[in-house]
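A short worksheet on the structure shown next.
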Amino acid sequence: MILHLDGNISEYYAQTLCLVFFPGSTFGEHEQPGEGVPEVSVNVYTDKSGAANAYASIKLNDKVSEATAQVTAEEETITTKENVAAGRALFAAGKTLLGHIPPWGILTGVRPSKIAMSFLEQGKGILRSKRILRDEYFLNPQKASLVVSVASTERKLLRRMPKNSCSVYISIPFCPTRCAYCSFVSYTTPRLLSMIDDYVNALCEDLDELFGAIRKVGMTISTVYIGGGTPTTLDPSQLEKLLSKICENTDVASLEEFTLEAGRPDTITEEKLAVAAKYGVTRVSVNPQTLNDDILREVGRRHTVEDFYRAYDCAKKSGIRDINVDLIAGLPGDDFKNFSETVDRIVELDPTNITVHTFCVKRAADLLRSGNDVYSLTGGEAGKCVSYSQIKMKFSGYKPYYMYRQKNTVANQENVGYAKEGHEGLYNIYMMEEKQPIFAAGAGAVTKLLRQDDPGGDRRIVRLFTPKYPYEYLREHEDRKAGKEGVKPGIAEQIVDFYTEKT
Ligand code: SF4
């Protein structure tokens, strides 16, 4: 796609909004005008009254669509007036040219509930917040309702979040095999899987330091989340080593939540879940994504529906309080009939949590090669599938409690976590709404430092990154232990520095 921008507009925002109309497009100097290549121009200027005025045109083959928009000086906006004016003009031009109305209007961000939350915090109330999202940001009424409902539930739960608290995230970036659609840095080959012992040992040493830092800065730990990859790629003894290390360092009985995101059913065994239960895990995820073996094969997920039922049964028998089940709408080869049946069968199992993701085309190469049209504008029946899941959840006693969006999701839909009341995944809320520091350990883990008592609400967040790949993580860990020159301080040290005002 060719994109010309003139004026004070965020390039990233304009590109993301263009992707809503032209999924899968790429931007860059190599793009040449031609058949099937959209050419988009956006101009914005601010006049003497302070109003932002935008003009957008989209040319595709022999068709051109143009639109203008204005944001007055008095209008309150969630981002710059120029971006909002540009978004409105681009949205109007795209809608006319393609006859398609994107469900999320001109919102492109990952965390729409943060916007709804800010409206509620400003006292705008539920109805007015929905109206603003519909009338000024062009969300369709269902999405406006969903996002305000999520924000309102989150707000209630966040009020109960302990003061001066934090959460701990532990990364296990390994999976038994790689799913065809996966964009996650996860290690699957036998040679790399043989590194797990060393990885767990290094992680345990880092956890001693991390929990030590938390004690030093005097914070309460409210949740611990072990995520992946697939954490149950660990064998029972590796899992026991990790969980016992956590128990050595903190009173798990006093945690609000302790999650082991087991994930792939083919890695879940009775023995592993017995270990999890023994060390106080309160929440596990067992993720079939779909209850259709043909689709599982199609997307290269090496387990079967039967594996899922067996794993779910193990989770039930383990006595772990909360079970989450992840599903994906819009998988290649899926349709409304199959997806709605999957949702119905999962609801029959009555897990406390169900998370409905929308298929996200991040690593489409393998799927494109197999001839799937993963970049269609309307996403086939994905939108209908997502709507069905929302209605079914509502009438089955599940409430949406957290959500996020990603670029290039099929049909520009969203990911929503649903829970029975009192069983919401608190870590998900704390992490998504960025109201609590997250201290993270392991390869590719991101620590988020913030001060909960920061005045003004717009908290400064400092992100600390660990090396992405396990072998880099191990090397840095060894170098630090050996006191090698030039190795940056560990996460624990940086946490203490931040909270004791050294940074
Ligand atoms: S289980 Fe998840 S993280 Fe692992 S390969 Fe499949 S999609 Fe990627």
Side-chain angles (χ1 to χ4, degrees), residues 169-196 199 225-235 238-239 259-269 272-273 284-308 310-312 314-315 323-334 342 353-370 372 374 404 406-410 415 417 425 428 431 440 442-446 466 468-470 473:
Y169 178 83
I170 299 165
S171 161
I172 306 292
F174 300 94
C175 289
T177 56
R178 194 171 185 82
C179 308
Y181 58 88
C182 182
S183 62
F184 185 75
V185 178
S186 187
Y187 273 43
T188 53
T189 64
R191 190 176 65 82
L192 295 167
L193 290 175
S194 69
M195 172 194 288
I196 295 182
Y199 183 81
Y225 192 103
I226 306 175
T230 303
T232 38
T233 308
L234 268 51
D235 68 27
Q238 291 160 337
L239 199 57
T259 299
L260 174 70
E261 192 196 0
R264 283 262 295 262
D266 48 335
T267 62
I268 296 171
T269 63
K272 290 182 197 178
L273 293 187
V284 282
S285 265
V286 184
N287 303 333
Q289 314 303 9
T290 172
L291 294 181
N292 180 304
D293 281 327
D294 294 337
I295 298 168
L296 286 171
R297 249 190 317 275
E298 171 99 350
V299 298
R301 231 178 127 84
R302 299 267 177 84
H303 64 78
T304 61
V305 173
E306 204 186 321
D307 289 334
F308 164 71
R310 186 201 45 76
Y312 188 85
C314 288
I323 306 178
N324 173 67
V325 174
D326 269 10
L327 300 177
I328 302 180
L331 280 169
D334 204 359
T342 293
N353 286 230
I354 300 176
T355 308
V356 181
H357 296 267
T358 305
F359 186 60
C360 178
V361 194
K362 277 189 180 165
R363 184 172 161 271
D366 295 355
L367 296 166
L368 286 172
R369 260 198 299 280
S370 63
N372 284 297
V374 287
Y404 63 99
Q406 287 164 290
K407 256 200 291 187
N408 280 335
T409 44
V410 174
N415 306 309
N428 291 330
M431 179 268 303
V446 183
T466 49
K468 207 168 173 181
Y469 299 99
Y473 169 79

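Each ligand, and each atom within it, is numbered from 1 in the order the structure gives. Numbering starts at 1 and runs along the sequence shown.
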In ligand 1, the atoms that come under 4.0 Å of a heavy atom of C182 are 3 (S), 5 (S), 7 (S), 8 (Fe)
Measure the acute angle between the ring planes of Y473 and Y199, then classify it against the limits of 30° and 60° as parallel, tilted or perpendicular.
tilted
So, D326 and S285: side-chain donor and acceptor under 3.5 Å apart, yes or no?
no
Verdict with supporting geometry, L239 and L260, side chain to side chain contact (heavy atoms under 4.5 Å, CB included):
CA-CA 10 Å; L239 199 57; L260 174 70; 4.2 Å; yes
Does ligand 1 have a heavy atom under 4.0 Å from the side chain of C175, from its backbone, from both, or from neither?
side chain
So, taking the atom named CE in M431 and the one named OH in Y169, what distance separates them when rounded to the nearest 0.5 Å?
9.0 Å
Proximal candidate to atom 2 (Fe) of ligand 1 [heavy atom criterion; set R302, R301, R178, Q289]:
R301
Does only the side chain of T177 get under 4.0 Å from ligand 1, or the backbone, or both, or neither? Count heavy atoms.
backbone
R264 neighbourhood, listing ligand 1 atoms whose heavy-atom distance to it stays under 4.0 Å
1 (S), 6 (Fe)
Suppose we screen for side chain to side chain donor-acceptor pair (under 3.5 Å). Which residues come up paired with T304, at least two apart in sequence or across chains?
D307
